[in-house]
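The basis for the numbers below is simple: all heavy atoms, side chains too, and nothing from hydrogens, waters or symmetry mates. Below, read A as the first sequence line, B as the second, and so on, with proteins coming before strands; counting in each chain starts at 1.
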Amino acid sequence: MNARRQWFLDPRLLLLGGILAGIGLGLYHGWMVDPVEVVDTDIYDLRADYQDDFVVMVGALYRLEGNAQTARQLLGRLNRPDAENVVVDVTERYIARGARRQDIVYLVGLAQGLGVVTEPMRPFLQAEVP
Amino acid sequence: MSGEHWSEDAHFYEVSEDRWGWRRFLVLLIGLAIGLAAGLVYTWLLYPVEFYNTEPVDLHPGHQDTWIMLVSAAYRLDGDLERANARLAELQEPQIGQRVAQLTQRYIAQGKPVSRIRALALLADALGARTPDMLAYLATPQPNPSPVPASPTATAPPSPSPSPTAPPSPSVTARAASETPAPQRSPSPEPAATRTPRPTRTLRPTSTPIPPYLLQERQRLCRGSQEQPQIEVFVQTEVGVGIPGVEIWLTWSGGAERIVTGLKPEVGLGYADFVMQPETSYAVAVGDPSLQLVQGLMIESCLARQGDTPLTSWRLIFVSNQPQPTVTEAPQTTPTEAPQATATEAPE
């Protein structure tokens with residue numbers, strides 16, 4: 001009988017090897033060659049600085065329209081539980097780092113509209129207090 | 001007779017090569033397929049690449065529109081075109097002006113809030129993408145653009161939304177004078193003390209006709225199916241007083257009609273209506289028939305969830321662009337009163 005003794009001819013090992021090789025190929029293809037495409041992302045996927053700018057622009061829109069509900073809805077796209085906290089956070093960071101005054105005023109106005117004025121914001125509200 | 005058997009220690013496999021070679025290949029192939037499928041399921045479904053820290057260019061088109069709208073709002077307030085351009089550049093849109101103009105057109109067609117349309121129109125205009133439909137909004141005085149002053153003590157509270165019955169009052173001339181001292185009417189258009197941040201925006205008084213009336217509101221009405229769809233026009237002063245005797249020009253493919261406000265005083269002195277025909281697209285001009293302020297009004301079906309699927313009517317509210325003598329009139333149906341059903345306004 002013309003037979004040879006070759007361990008790698010074991011069908012179970014072949015199957016296992018094929019699966020492992022296939023998984024490796026699949027991972028490589030799915031993560032490296034053809035990953036899920038970066039399209040149609042949401043606002044909350046944006047990089048932090050873009051999200052901050054988004055909040056500033058919502059502040060501008062609020063200043064333009066004075067509609068707190070619209071502002072809340074837009075801020076809701078950041079997918080964070082509390083729109084007020086987002087505004088306070090961004091505003092205080094902007095104040096702390098000395099960002100553009102215009103942006104700060106938009107943010108403070110928005111915070112005021114949402115009823116969450118904090119101490120660092122007060123200097124920017126001075127002129128508004130009669 | 002079998003050509004295969006296990007050896008004693010079961011670590012080796014004896015096989016007749018010529019008979020079983022194709023089976024080995026098949027087994028390997030099946031393994032590969034199973035592994036590949038498992039790998040792809042894992043990478044595409046179970047644990048896909050997570051994208052965070054993305055950029056505006058990656059946003060869903062709807063969110064990009066929101067981004068543009070917000071950029072225009074900020075631009076309208078601060079007039080910083082450079083910054084607006086920088087924000088828009090994040091979208092990596094080669095024809096960003098056209099994109100803004102298209103969004104403006106869409107907002108106009110959808111009857112979005114005038115303040116947003118105006119902001120978008122201003123931005124599109126600054127980017128050199130003006131369209132005829134924007135004209136009315138570009139010429140419209142801005143109600144509350146009061147840019148945030150640079151003074152550390154001057155912070156204004158959020159301006160209230162312009163009420164439909166109390167539209168912005170400053171005239172175009174007054175606004176131009178307040179932002180740029182004698183910008184275009186001067187023989188030498190080099191304002192020395194210009195603090196306007198909108199260098200590209202010009203009112204072009206000599207070449208651009210300013211419409212005598214401006215569209216303030218465009219509502220889509222869904223009423224009972226028994227009612228015939230119509231275009232309801234309210235013409236009023238800045239403070240919401242109806243103006244009678246104003247000619248409304250309705251044009252469509254192959255026809256035109258002129259109606260006059262004030263013939264139904266029980267509704268309002270500034271009111272006129274027109275019964276719409278199916279599959280006809282109407283354009284509306286007020287006062288001057290050559291200046292169409294609204295286009296593309298058609299009968300549409302309301303949403304099925306509203307029951308008897310009525311057809312849409314349209315309510316248009318125009319505001320005089322010029323000072324009007326005070327007209328006293330009896331209490332009238334306020335145009336802003338909600339009809340039976342109106343299209344709801346989304347944030348964007």
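A salt bridge does not link A:R100 with B:D78: every distance from a Lys NZ or Arg NE/NH1/NH2 to an Asp or Glu carboxylate oxygen is 4.0 Å or more.
With a 6.0 Å radius and a threshold of 12 heavy atoms from other residues, nucleotides or ligands, B:Q95 has its CD atom at or below the threshold.
Contact of A:D49 with chain B is not made at all, since no heavy-atom distance falls under 4.5 Å. Residue contact with chain B, scored on non-hydrogen atoms closer than 4.5 Å, involves the backbone and the side chain of A:V58 alike. For a residue to count as touching a neighbouring chain, one of its non-hydrogen atoms must lie under 4.5 Å from one of that chain's; by this rule A:L20 does not touch chain B.
Nearest heavy-atom pair across B:L77 and A:A60 is CD1-O, 3.1 Å. Minimum heavy-atom separation, B:P56 to A:L46: N-CD2, 3.5 Å. Nearest heavy-atom pair, A:L25 versus B:L32, reported as atom, atom and distance to 0.1 Å: CD1-CD2, 4.3 Å.
A:L15 contributes atom CG, which lies 7.0 Å from atom CD1 of B:I30 (distance to the nearest 0.5 angstrom). Taking OG1 from B:T66 and CG from A:L74, the interatomic distance works out to 6.5 Å, rounded to the nearest 0.5 Å. Taking CG of A:D45 as the reference point, atom OG1 of B:T54 lies at 5.0 Å (rounded to 0.5 Å). With rounding to the nearest 0.5 angstrom, the CG atom of A:L61 is 6.0 Å from the CG atom of B:L70.
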Using the rule given for side chain to side chain contact (heavy atoms under 4.5 Å, CB included), can you reason through A:L64 versus B:R116, listing the C-alpha separation, both sets of side-chain angles and the distance that settles it, and then say yes or no? CA-CA 9 Å; A:L64 194 65; B:R116 293 182 198 177; 5.9 Å; no

So A:V56 and B:R87, side chain to side chain contact (heavy atoms under 4.5 Å, CB included) or not? Walk me through it. CA-CA 12 Å; A:V56 171; B:R87 282 166 163 163; 3.9 Å; yes

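Applying the salt bridge (Lys or Arg N to Asp or Glu O under 4.0 Å) test to B:R218 and every residue at least two apart in sequence or in another chain returns nothing.
In this pair, A:F54 and B:W67 present their aromatic rings parallel. The plane angle is below 30°, not in the 30 to 60° band.
Below 4.5 Å, heavy atoms of chain A meet heavy atoms from B:G35, B:L36, B:A38, B:G39, B:L40, B:Y42, all part of residues 35-42 of chain B.
In terms of non-hydrogen atom pairs under 4.5 Å with chain A, the most contact-rich of B:Q64, B:E90, B:R83, B:E55 is B:R83.
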